[in-house]
Amino acid sequence: MKIYNSKTRKKEEFVPLHAGKVGIYACGPTVYDFFHIGNARPFIIFDVLRRYLESIGYEVTFVQNFTDIDDRMITRANEEGITVKELAERNIKEYFIDAKGLGIRPATVHPRATEHIPQIIALIEKLVQNGLAYAQDGNVYYRVHAFSGYGCLCGQKLEDLESGARVNVNEQKEDPLDFALWKAQKPGEPAWESPWGLGRPGWHIECSAMSMEYLGETFDIHTGGKDLLFPHHENEIAQSEGATGKPYVRYWMHNGFINIDNEKMSKSLGNFFTVRDISAQYDLENVRMFMLSAHYRSPVNFSREMIAQAASALERLYGARDQLAFLKNSAEDRKPNEAEATLIAEADKALVKFDAAMADDLNTADAIGTLFELVREIFKLPQAGVSMQAIDKAEQAMLHMTDILGLLMKKTDDVPPEITAMLKERETARKEKNWKRSDELRDAVLAAGYILEDTAAGQKVRKSV
RNA sequence: GGUGCCAUAGCCAAGUGGUAAGGCCAAGGUCUGCAAAACCUUUAUCCCCCAGUUCGAAUCUGGGUGGCACCUCCA
């Protein structure tokens with residue numbers, strides 16, 4: 001597989017540190033609220049990365065943290081009159097609800113910052129020992145100038161970063177670029193004991209501590225949004241490599257941003273959507289389909305129209321899946337004929353093309369194109385009497401692709417008896433050419449959430465998506 | 001000021017040297033009791049503009065124009 005490595009700015013052949021195994025660290029949400037549509041993109045994209053790597057035989061350890069202590073957490077908890085811990089617990093529960101709706105599997109480990117304070121402190125102490133950090137009145141800062149590689153990820157020189165840096169009012173720092181590793185407790189804030197007094201960890205240090213705790217001092221892939229490149233990920237490198245003297249991450253992957261109706265999503269513009277907001281109006285699988293329809297590094301524009309397009313495309317996919325299930329009812333146990341043999345060959349070709357697209361830096365848009373080429377072949381089959389071998393092959397190929405993409409999550413439910421009864425009555429009505437009754441029944445079935453189609457092989461029903 | 005990204009049909013989007021995937025929408029047709037779904041046909045002689053390299057460029061180079069992002073604990 002080739003991965004675009006943000007650090008080298010090139011596509012590189014992916015070679016894991018340990019044969020057959022991959023360690024991935026994904027920057028997770030700060031759990032002060034429901035997560036928003038912008039958070040959803042990396043969660044979905046890198047869930048697909050994980051699924052793909054597993055599909056080609058890797059054993060993947062996927063670590064995604066919850067940031068459960070920071071300024072926003074404290075502010076929000078105060079506003080609501082609850083503890084930071086209570087706020088975190090609640091929103092972590094909510095995270096899993098939305099993640100499930102989006103088809104995002106739980107990570108192998110979901111570490112929380114507040115549960116790794118000893119590791120964080122140990123790491124800071126190491127940095128102090130190495131001369132890379134200094135304490136000031138209970139705060140500890142990273143001495144950016146002392147780390148020679150600073151700026152290697154974002155490709156900026158130290159001077160350039162400084163010329164762009166906002167004027168800093170914090171006179172405790174030796175340099176404006178220095179960043180906090182440990183923050184002294186302010187009145188009313190949660191705090192932990194440390195060699196520098198009561199306080200709490202800075203943001204960047206938690207990811208260094210937790211990633212290395214679960215994946216080792218050097219690991220394979222670190223993911224996150226493009227905006228995290230600087231300063232968050234740059235700082236992680238400075239912290240981890242400054243402490244261990246070893247390379248930290250081998251491949252950095254960053255996803256592009258989501259705009260809303262061509263504008264940057266922001267609370268002030270009022271175009272800020274949480275996934276929970278959207279789930280009230282749309283099935284979240286549409287959101288997943290939308291996210292996968294463009295390359296993960298491109299910026300993408302989110303709008304109602306885009307969701308509608310994704311929904312229609314998804315509908316076609318479900319139609320093809322259900323068509324295969326329907327064909328099984330009349331399948332014939334015989335050798336494939338010429339047309340069916342062609343389908344089987346096409347399915348094999350599609351699988352190869354699909355995997356090649358995914359192996360090319362996770363080109364999901366191209367991969368979906370291949371999936372739809374197979375869908376077209378499936379719909380070209382006759383309505384009845386198809387060779388079981390051909391059906392099985394098409395189904396297996398389609399499942400392979402949709403499993404990796406995490407699509408087609410809805411199972412075809414068994415049709416409930418009341419619907420079956422209506423279908424039976426309608427069949428009789430149709431035989432008697434009682435079109436009025438027949439249409440009434442079709443409307444009733446539709447109202448119950450099922451789509452009814454008449455085919456040469458009889459009535460076909462499926463749950464609407 | 002520093003750094004980086006992008007520009008393909010009505011909409012979305014793949015394609016990084018060999019003559020424009022796929023999806024959505026639209027129109028006409030086939031099928032159907034009518035539908036629905038599906039299928040067939042139509043929909044970019046051309047990929048922001050201008051030069052250049054090449055037998056050949058959407059794809060490479062240079063220059064424009066337009067849009068976006070990071071340098072602010074925002075994915």
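Since we're looking at a predicted model, the values are computed, not measured. Numbers restart at 1 for each chain; the letters A, B, ... are given by sequence-line order, proteins then strands.
- In this structure, the side-chain contact (heavy atoms from CB on, under 4.5 Å) partners of Ala367(A), at least two apart in sequence or on a different chain, are Phe354(A), Ala357(A), Met358(A).
- Residue Ser312(A) places no side-chain atom within donor-acceptor reach of the base of G23(B), judged by atom type and a 3.5 Å distance cut-off alone.
- With distances taken from any side-chain atom of Glu453(A) to the nucleotides U72(B), A14(B), A35(B), the minimum falls on A35(B).
- Counting non-hydrogen atoms under 4.0 angstrom, Gln156(A) reaches a base of the nucleic acid.
- Computed from coordinates, the Leu153(A) CG to C70(B) P distance equals 16 Å when rounded to whole Å.
- As judged by a 4.0 angstrom heavy-atom cut-off over every strand, Thr370(A) is placed among residues making no nucleic acid contact.
- Evaluation of Phe43(A) against the base of A75(B) yields no stacking contact (centre distance < 5.5 Å, interplanar angle < 30° required).
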Restricting to nitrogen or oxygen on both sides, can you table the protein-nucleotides 9-11 of chain B pairs closer than 3.5 Å?
{"from": "C11(B)", "atom 1": "O2'", "to": "Glu305(A)", "atom 2": "OE2", "distance (Å)": "3.3"}
{"from": "C11(B)", "atom 1": "O2'", "to": "Gln309(A)", "atom 2": "NE2", "distance (Å)": "3.4"}
{"from": "C11(B)", "atom 1": "O2", "to": "Gln309(A)", "atom 2": "OE1", "distance (Å)": "3.4"}
{"from": "C11(B)", "atom 1": "O2", "to": "Gln309(A)", "atom 2": "NE2", "distance (Å)": "2.9"}

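- Counting distance only, with no hydrogens placed and no angle test, the side-chain atoms of Arg442(A) and the base atoms of A36(B) include no donor-acceptor pair under 3.5 Å.
- When the nearest nucleotides of RNA chain B are assigned to Phe379(A) and Ile37(A) by heavy-atom distance, the more 5′-ward of the two goes with Phe379(A).
- Residue Ala365(A) is in base contact, counting any heavy-atom pair closer than 4.0 Å across all strands shown.
- For Trp435(A), counting side-chain heavy atoms from C-beta on, the closest listed nucleotide (C25(B), C39(B), G33(B)) is G33(B).
- Proximity of Lys380(A) to the phosphate of C40(B): a side-chain N or O atom is located under 4.0 Å from OP1 or OP2.
- In this model, the phosphate group of G22(B) is approached by a side-chain N or O of Arg376(A) to a distance below 4.0 Å at OP1 or OP2.
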